[in-house]
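The structure under discussion appears below in the form of structure tokens.
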Amino acid sequence: MRKLKHDVIIIGSGLAGFRAAIEAAKNPELSVAIVSKVQLMRSHSVCAEGGTAAVMRPDMGDSYELHAWDTVRGADFLCDQDVVWRFVQDIPKELLMLEHWGIPWSRQADGRMDQRPFGGHSFDRATFAADKTGFFEMQTLYDTLQKYDNITRYDECYVSSILTKNGQFCGVAVWSLTSGEFFVIQGKSVVIATGGACRMYGFTTYSLTATGDGMAMAYRAGLPLKDLEFVQFHPTGLIPSGILMTEACRGEGGYLRNSKGERFMEKYAPGKMELSPRDVVSRAEQTEIEAGRGIVGPEGILGINLDLTHLGADRINERLPLIREVTIKLNFIDPIKEPIPIKPVAHYFMGGVHTDIDGATPVEGIWCAGEAACVSLHGANRLGSNSTGECLVWGKITGEKAAKFAAKSKAYLETPSDAALKDEENKVFGRFSTNGKESSYAVRHELQKAMDSFVGVFRTEAELVNALKTIKELKQKVSQFKVTDQGRVYNTDLMSAIESDNLLDLSEVIVTGAIARKESRGAHSRRDYPTRDDVNWLKHSMAYYTPQGPRMDYIPVAINMWNPVERKY
Ligand SMILES: Cc1cc2nc3c(=O)[nH]c(=O)nc-3n(C[C@H](O)[C@H](O)[C@H](O)COP(=O)(O)OP(=O)(O)OC[C@H]3O[C@@H](n4cnc5c(N)ncnc54)[C@H](O)[C@@H]3O)c2cc1C
């Protein structure tokens with residue numbers, strides 16, 4: 001087996017991975033590897049639509065304090081406030097740097113960067129490039145990466161394990177999807193930037209590739225997963241595909257209407273209406289649907305109307321061209337003339353691999369950034385447009401830290417033994433030899449049905465217990481997966497088996513944490529415990545891997561600016 005060496009390894013080529021790679025590569029002495037299971041620019045980050053929040057107009061009334069307060073309140077007080085404070089100060093610098101690197105921001109008539117309103121923000125601070133913000137941010141970072149000749153890219157290479165020895169990071173095991181080769185990259189430090197995991201839900205905005213591999217690998221390597229029970233439901237997923245209708249639709253002035261044509265948000269959040277935080281809007285929609293005031297969407301699916309018709313053709317064409325293209329092509333609906341059928345959709349993981357404020361995990365040499373990480377910026381509910389920003393800020397921080405660490409280490413600290421490497425290879429290709437009868441696709445489908453039905457916008461003990469039972473039953477089938485394709489090149493059958501295994505482990509953590517948390521906070525809304533319980537539950541959940549299922553533990557929340565108060569919009 002080939003053993004390659006790079007000082008710093010970045011797993012993932014989304015916004016977090018790219019930003020980390022640029023920062024690490026600034027030290028010309030270091031060799032940096034980017035490993036990604038997709039072609040670098042196909043990461044989910046290119047799908048980000050609406051914008052990136054930052055304080056760019058202090059002269060017009062915005063301030064760090066206001067952005068921080070919006071984030072803390074949006075998070076239902078479960079975020080770490082020192083983390084939030086660092087974020088709001090750093091993100092404007094990142095956006096200005098992207099500006100200098102050439103990003104085509106949408107602009108005002110006078111040439112200044114434009115900003116639009118977003119849910120839960122009390123100032124119009126989402127900086128954007130039409131409704132393709134993530135695409136242009138990615139392209140700008142990708143262009144910038146070309147300046148560094150100390151970066152080696154491993155496109156379409158699947159990392160199957162993070163290797164540690166004697167409590168230290170020592171490398172990653174890699175399966176090249178294009179050549180079929182299995183090899184190891186030894187490294188001094190690593191940044192896990194593998195993104196989110198919403199694909200355990202059937203109705204989701206996420207790319208098929210968002211299977212939480214990095215979280216699952218880290219979990220199995222002994223790292224704790226933090227706050228995973230908090231899954232964000234975005235209020236506007238297109239029926240029936242789940243494709244995101246960006247919050248910018250409402251930021252630009254779109255309305256939500258029930259079957260009676262009413263703007264029902266008046267009843268739930270009269271102050272902020274459609275631009276309330278996502279947990280609030282999703283619950284309102286779900287309540288309307290359950291009360292019989294939903295519209296009947298495509299395929300008979302009940303939903304809500306997202307009405308943009310009053311915005312006019314010019315505004316929609318200039319500000320929301322992607323939305324119009326998608327709804328025309330997929331639903332034969334022109335939003336200039338007709339409302340769009342939507343409903344709450346699984347969209348984002350507030351939780352992830354536990355890190356400190358610098359993105360460092362408890363294992364020496366391992367950092368984590370972006371959606372895979374839980375640095376505790378979003379708490380129990382993320383505000384729209386704060387995630388792309390998190391990727392940029394903690395991409396930079398972790399890239400810099402991982403590089404400094406690698407520069408200090410004179411030699412490769414630990415070498416994985418040949419036996420350990422063989423073992424890793426067997427974990428991947430050993431799945432060929434199973435005479436299994438179970439289809440990983442069918443198992444994933446069953447998992448998605450259970451998660452869609454029982455672990456949604458509202459939760460109850462009985463439903464969660466039901467979901468956990470299903471997950472445990474499905475986990476029994478993993479060792480029985482039948483892998484029909486026996487080749488090593490572009491074997492999506494084998495990849496599906498590994499990814500489904502990952503999704504099952506993460507779903508078990510979500511549901512176990514959700515059963516344990518007997519309160520309602522942010523996106524975790526329990527019908528049987530409808531109020532927030534700061535006395536018992538103002539704490540982060542930490543899930544540790546054991547073969548029997550996660551072991552839960554809890555750590556305190558950093559509160560140094562604002563004490564929790566009732567959350568009203
Ligand atoms: C449709 C949509 C719209 C959004 N719009 C916005 C928005 O307007 N504003 C905002 O702030 N946020 C938005 N978000 C959220 C935000 O885009 C994401 O949270 C963020 O882009 C995640 O970036 P990331 O770098 O963490 O990971 P990703 O961009 O998801 O990249 C993950 C990377 O990890 C790699 N990877 C994963 N597993 C493996 C493996 N086993 N081996 C090798 N490589 C692996 C993948 O190949 C990929 O390169 C949106 C999300 C979606 C889905």
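Read the numbers this way: they start at 1 and go in the same order the structure lists the ligands and their atoms.
Close contacts of ligand 1 with G14, meaning ligand atoms under 4.0 Å from a residue heavy atom, involve 25 (O), 29 (O), 31 (O), 49 (O). Close contacts between ligand 1 and G370 involve ligand atoms 26 (O) [criterion: under 4.0 Å to a heavy atom]. Every atom of ligand 1 is numbered from 1 in the order shown, and the set under 4.0 Å from a heavy atom of N386 is 11 (O). Atoms of ligand 1 found under 4.0 Å from any heavy atom of S13, numbered from 1 in the order shown, are 33 (C), 48 (C), 49 (O). Residue contact check: S43 has heavy atoms under 4.0 Å from atoms 29 (O), 31 (O), 48 (C), 49 (O) of ligand 1. For ligand 1, the atoms sitting less than 4.0 Å from at least one non-hydrogen atom of A193 are 32 (C), 33 (C), 34 (O), numbered in the order shown with element in parentheses. Near T388, meaning under 4.0 Å from one of its heavy atoms, ligand 1 places the atoms 9 (N), 10 (C), 11 (O), 12 (N). Within ligand 1, the atoms closer than 4.0 Å to a non-hydrogen atom of C47 are 1 (C), 2 (C), 3 (C), numbered from 1 in the order shown.
For an aromatic pair to be called close, the ring centres must be under 6.0 Å apart, and W105 with F136 fails this. The six-membered or imidazole ring of H67 lies near that of F87, with a centre-to-centre distance under 6.0 Å. Taking the six-membered ring wherever Trp is involved, the centroid distance between the rings of Y201 and H347 does not fall below 6.0 Å.
Remark: K401 does not engage E23 in a salt bridge, criterion side-chain N to carboxylate O under 4.0 Å. Comment: E156 does not engage K37 in a salt bridge, judged by the lack of any side-chain N to carboxylate O separation of less than 4.0 angstrom. For the pair E99 and R107, the salt-bridge criterion is met [side-chain N within less than 4.0 Å of a carboxylate O]. Here R2 pairs with E181 in a salt bridge; the nearest charged N to carboxylate O distance falls below 4.0 Å. Under 4.0 Å is where a charged nitrogen must lie from a carboxylate oxygen, and between R57 and D62 no such pair does. Looking at R19 and E94, a side-chain N of the basic residue comes within less than 4.0 Å of a carboxylate O on the acidic one, giving a salt bridge. With respect to the salt-bridge test (charged N to carboxylate O, under 4.0 angstrom), the residues R319 and D131 do not qualify. Ion pairing of E247 with R278 is present here, as a side-chain N (NZ or NE/NH1/NH2) and a carboxylate O approach within less than 4.0 Å.
R116 forms a cation-pi arrangement with F128, by the criterion of a distance under 6.0 Å to the ring centre and an angle within 45° of the ring axis. Stacking of R382 on the aromatic ring of Y348 is recorded, both the 6.0 Å distance cut-off and the 45° axial limit being met. Cation-pi contact between R250 and Y255: absent, since separation from the ring centre below 6.0 Å together with deviation from the ring axis within 45° is not met. Both tests do not hold together for K3 against F183: distance to the six-membered ring centre under 6.0 Å, angle to the ring axis within 45°.
For the pair A210 and ligand 1, no heavy-atom separation below 4.0 Å is found. Using a non-hydrogen distance threshold of 4.0 Å, L15 registers as a contact of ligand 1. Using a non-hydrogen distance threshold of 4.0 Å, R382 registers as a contact of ligand 1. For the pair T133 and ligand 1, no heavy-atom separation below 4.0 Å is found. Residue contact annotation: H347 has a non-hydrogen atom under 4.0 Å from ligand 1.
Between atom 2 (C) of ligand 1 and the options H378, E49, H44, the minimum heavy-atom separation is to H44. Closest to atom 29 (O) of ligand 1 by heavy atom, among G134, S45, G195, is S45.
Nearest protein heavy-atom contact of atom 25 (O) of ligand 1 is A16 N, 3.0 Å. Closest protein heavy atom to atom 38 (N) of ligand 1: D213 OD2, 3.2 Å. For atom 9 (N) of ligand 1, the closest non-hydrogen atom on the protein side is G51 O, 2.8 Å. Shortest contact from atom 8 (O) of ligand 1 to any protein heavy atom: G50 N, 2.7 Å. Among protein heavy atoms, atom 42 (N) of ligand 1 sits closest to V159 N, 2.8 Å. Atom 47 (O) of ligand 1 has its closest protein heavy atom at S36 OG, 2.8 Å. A48 CB, 3.5 Å is the protein heavy atom nearest to atom 6 (C) of ligand 1. Looking from atom 35 (C) of ligand 1 to the surrounding protein, the closest heavy atom is G12 CA, 3.5 Å.
Counting heavy atoms closer than 4.0 Å to ligand 1, residue V38 contributes atoms from both its backbone and its side chain. For S160, no heavy-atom contact with ligand 1 is shorter than 4.0 Å. At a 4.0 Å heavy-atom cut-off, ligand 1 touches C157 through the backbone alone. Residue contacts with ligand 1, taken as heavy atom pairs separated by less than 4.0 Å, do not involve T211 at all. Of all the heavy atoms of C391, the ones lying under 4.0 Å from any atom of ligand 1 belong exclusively to the side chain. The proximity of L244 to ligand 1, defined as any non-hydrogen pair under 4.0 Å, is limited to the side chain. Counting heavy atoms closer than 4.0 Å to ligand 1, residue E156 contributes nothing at all.
For a threshold of 3.5 Å applied to N or O pairs, the pair formed by T205 and ligand 1 contains no separation below that value. Considering backbone and side-chain atoms alike, E371 places an N or O below 3.5 Å from some N or O of ligand 1.
T133 and E49 form no side-chain donor-acceptor contact under 3.5 Å, judged by distance and modelled atom types alone.
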Assess the residue pair L330 and I243 against the criterion (side chain to side chain contact (heavy atoms under 4.5 Å, CB included)); give the C-alpha distance rounded to whole Å, side-chain angles, the decisive distance to 0.1 Å, and a yes or no. CA-CA 10 Å; L330 272 83; I243 289 177; 3.6 Å; yes
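Environment of CZ in R42: sparse, with no more than 12 heavy atoms of neighbouring residues, nucleotides or ligands closer than 6.0 Å.
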